[in-house]
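Please read the structure below before turning to the comments.
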Amino acid sequence: MNLYKNLSNVYHEMYQILFDYKKEFNFYNTILSKFSSKEIIEYGCGTGNLAKMFLESGFGYLGVDLNQEMLDIARKKIPIDNFVLGDLKTFESDKIFDCALITGRTISYLRTNNDVIASFKCIARNVKDGGILIFDAIDAAIMFDDFDESEKEIIIGNYKRVSTSKPNLETGWTWDWNSEYYIKKEDEYEFIGNDHTVVRAFNKDEIELFLRMCDFDLLEVAKKEAYMWQDQYFVARKRKLLEY
């Protein structure tokens, strides 16, 4: 995705305005406290906006992201190197964590069932028995019940994004998302780049099945305010050895 590479600075600046990271942190912190989770690994950590809050709150933390450009920005903000380049499907740590987070709808980029299964199995190897997995996924039932293909334009600070979505359904509840980005120069907007990706939504039943196949049990599903597409937040527990 070009947004996370050549446009990484644009992403970082836009999302400071678009996204309420403090509210997102409080949401995760409530769940982490409930399960007494202090050592966490965050997949899709991006430019480190949540990382800073976790570290300031005393969590043991490791952030993993697929894009070096995003981690370069994160490392400028956080002097301690708590970040590593890695793929959700393959990254394995020498350390075992109390909880794994997949944030920022990162699961949306796992386009095939095999990608989802590989990711969950890999995460299970990085989480202790009885540990927790928390992630958000776009709700397929809401997204595809009345799919909106109209052009969307939003102004975010000095930036403008114009985007369109079109179903393709090749590998699941997937669609093509195309976006163009502009920056304001005096009284006009100047084109600075575009991005194309295939995005995937999920329904609860398939998520629950994926989790069971990978040694996790779904504990709860929570909904919270979303900034664009409606999400569901899933909380699962890795099975303890005695439960096999």
*Let me see the working for Phe97 and Cys99 under side-chain contact (heavy atoms from CB on, under 4.5 Å), right down to the final yes or no.*
CA-CA 5 Å; Phe97 296 88; Cys99 178; over 6 Å; no
*Passes side-chain contact (heavy atoms from CB on, under 4.5 Å), Val64 versus Leu85? Steps please.*
CA-CA 6 Å; Val64 182; Leu85 188 69; over 6 Å; no
*Give the intermediate values and the outcome of side-chain contact (heavy atoms from CB on, under 4.5 Å) for residues Ile107 and Ile207.*
CA-CA 11 Å; Ile107 195 174; Ile207 286 289; 4.1 Å; yes
_Between Arg105 and Ile138, does the side-chain contact (heavy atoms from CB on, under 4.5 Å) criterion hold? Intermediate values first, please._
CA-CA 7 Å; Arg105 299 168 172 167; Ile138 300 169; 4.0 Å; yes
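Within the 4.5 Å cutoff, the side chain of Ser93 has heavy atoms near those of the Leu62 side chain. Under the 4.5 Å side-chain criterion, counting only non-hydrogen atoms from C-beta, Leu55 is in contact with Asn82. Between Tyr11 and Tyr159, the closest side-chain pair of non-hydrogen atoms is not below 4.5 Å. With a 4.5 Å cut-off on side-chain heavy atoms, Asp146 and Asp148 do not count as touching. Within the 4.5 Å cutoff, no side-chain heavy atoms of Lys160 are placed close to those of Ile154. Counting heavy atoms from C-beta on, the side chains of Asn29 and Phe25 come closer than 4.5 Å. For the pair Tyr28/Ile134, a side-chain contact is recorded, criterion being any heavy-atom separation below 4.5 Å from C-beta on. Proximity of Tyr109 to Leu88: side-chain heavy atoms (C-beta onward) are nowhere separated by under 4.5 Å.
Residues Asp217 and Arg239 are paired through a salt bridge, judged by an N-O separation under 4.0 Å between the basic side chain and the carboxylate. In summary, Lys95 and Glu39 engage in a salt bridge, as defined by a charged side-chain N under 4.0 Å from a carboxylate O. A salt bridge links Lys204 to Glu208: one of the charged nitrogens lies within less than 4.0 Å of a carboxylate oxygen. Salt bridge Asp20/Lys22: absent, no basic N to carboxylate O contact under 4.0 Å. Using a 4.0 Å cut-off between charged side-chain N and carboxylate O, Lys34 and Glu220 make a salt bridge. The pair Arg125-Glu92 meets the salt-bridge criterion, since a charged nitrogen lies less than 4.0 angstrom from a carboxylate oxygen. Ion pairing between a basic and an acidic side chain is recognised when a charged N comes within 4.0 Å of a carboxylate O; Asp81 and Arg75 show such pairing.
For Glu56, the CD atom is densely surrounded, since the number of other residues' heavy atoms within 6.0 Å is greater than 12. The number of heavy atoms from other shown groups lying within 6.0 Å of NZ (Lys152) is above 12. Enclosure of atom CH2 in Trp175 by more than 12 non-hydrogen atoms of other residues, nucleotides or ligands within 6.0 angstrom is indicated. Within a 6.0 Å radius of NZ in Lys76, no more than 12 heavy atoms belonging to other residues, nucleotides or ligands are found. More than 12 heavy atoms of other shown residues, nucleotides or ligands fall within 6.0 angstrom of atom NZ in Lys38.
Neither side chain, Thr164 nor Lys166, offers a donor N or O lying under 3.5 Å from an acceptor on the other. Side chains of Asn6 and Glu69: no donor on one and acceptor on the other come within 3.5 Å. In this model, a donor atom of one side chain and an acceptor atom of the other lie less than 3.5 Å apart for Thr47 and Asn49. Checked by atom type, the side-chain pair Glu13/Asn9 shows no donor-acceptor distance below 3.5 Å.
The minimum heavy-atom distance between Glu42 and Ala51, with the atom names listed, is OE1-N, 4.2 Å. Scanning both residues, Asp231 and Trp229, for their nearest heavy atoms gives OD1-O, 2.8 Å. For the pair Thr103 and Gly44, the tightest heavy-atom approach, listed with the atom from each and the gap, is OG1-O, 3.4 Å. The minimum heavy-atom distance between Phe59 and Ser37, with the atom names listed, is CE2-O, 3.2 Å. Between Thr174 and Arg111 the shortest heavy-atom distance is CG2-O, 4.5 Å. The nearest pair of heavy atoms linking Leu71 to Asp65 is CD2-CB, 3.7 Å.
In this structure, the separation between CG on Asp176 and CD on Glu149 is 10.0 Å, given to the nearest 0.5 Å. Within the model, atoms CD1 of Ile40 and CG of Leu101 stand 5.0 Å from one another, a figure rounded to the nearest 0.5 Å. In this structure, CD in Gln230 is found 10.5 Å from CG in Asp136, a value given to the nearest 0.5 Å. The CG atom of Asn67 sits 10.5 Å away from atom CG of Asp72, with the distance rounded to the nearest 0.5 Å. One finds the NE2 atom of His196 at 11.5 Å from the CH2 atom of Trp177 (value rounded to the nearest 0.5 Å). Atoms OG and CG, on Ser119 and Leu133 in that order, are 10.5 Å from each other to the nearest 0.5 Å.
Residues forming a salt bridge (charged side-chain N to carboxylate O under 4.0 Å, His left out) with Asp115 (at least two apart in sequence, or on another chain): none. In this view, Tyr43 satisfies the ring pair (Phe, Tyr, Trp, His ring centres under 6.0 Å) rule with no residue, not counting sequence neighbours. Legend: residues meeting ring pair (Phe, Tyr, Trp, His ring centres under 6.0 Å) with Phe135, ordered by chain and number and at least two apart, are Phe120, Phe234.
A distance-only check finds a donor-acceptor pair linking the side chain of Thr30 to the backbone of Asn26 [under 3.5 Å]. Asn203 places a side-chain N or O within donor-acceptor distance of the main-chain N or O of Glu206, the cut-off being under 3.5 Å. Side chain of Ser57 to main chain of Phe54: no donor-acceptor pair is present (N/O by atom type, distance under 3.5 Å, no hydrogens or angles). Judged purely by atom type and a 3.5 angstrom limit, Asn126 has no side-chain atom pairing as donor or acceptor with the backbone of Ile96. Side chain of Gln16 to main chain of His12: a donor-acceptor pair is present (N/O by atom type, distance under 3.5 Å, no hydrogens or angles).
By the 6.0 Å and 45° rule, Lys238 does not stack over the aromatic ring of Phe216.
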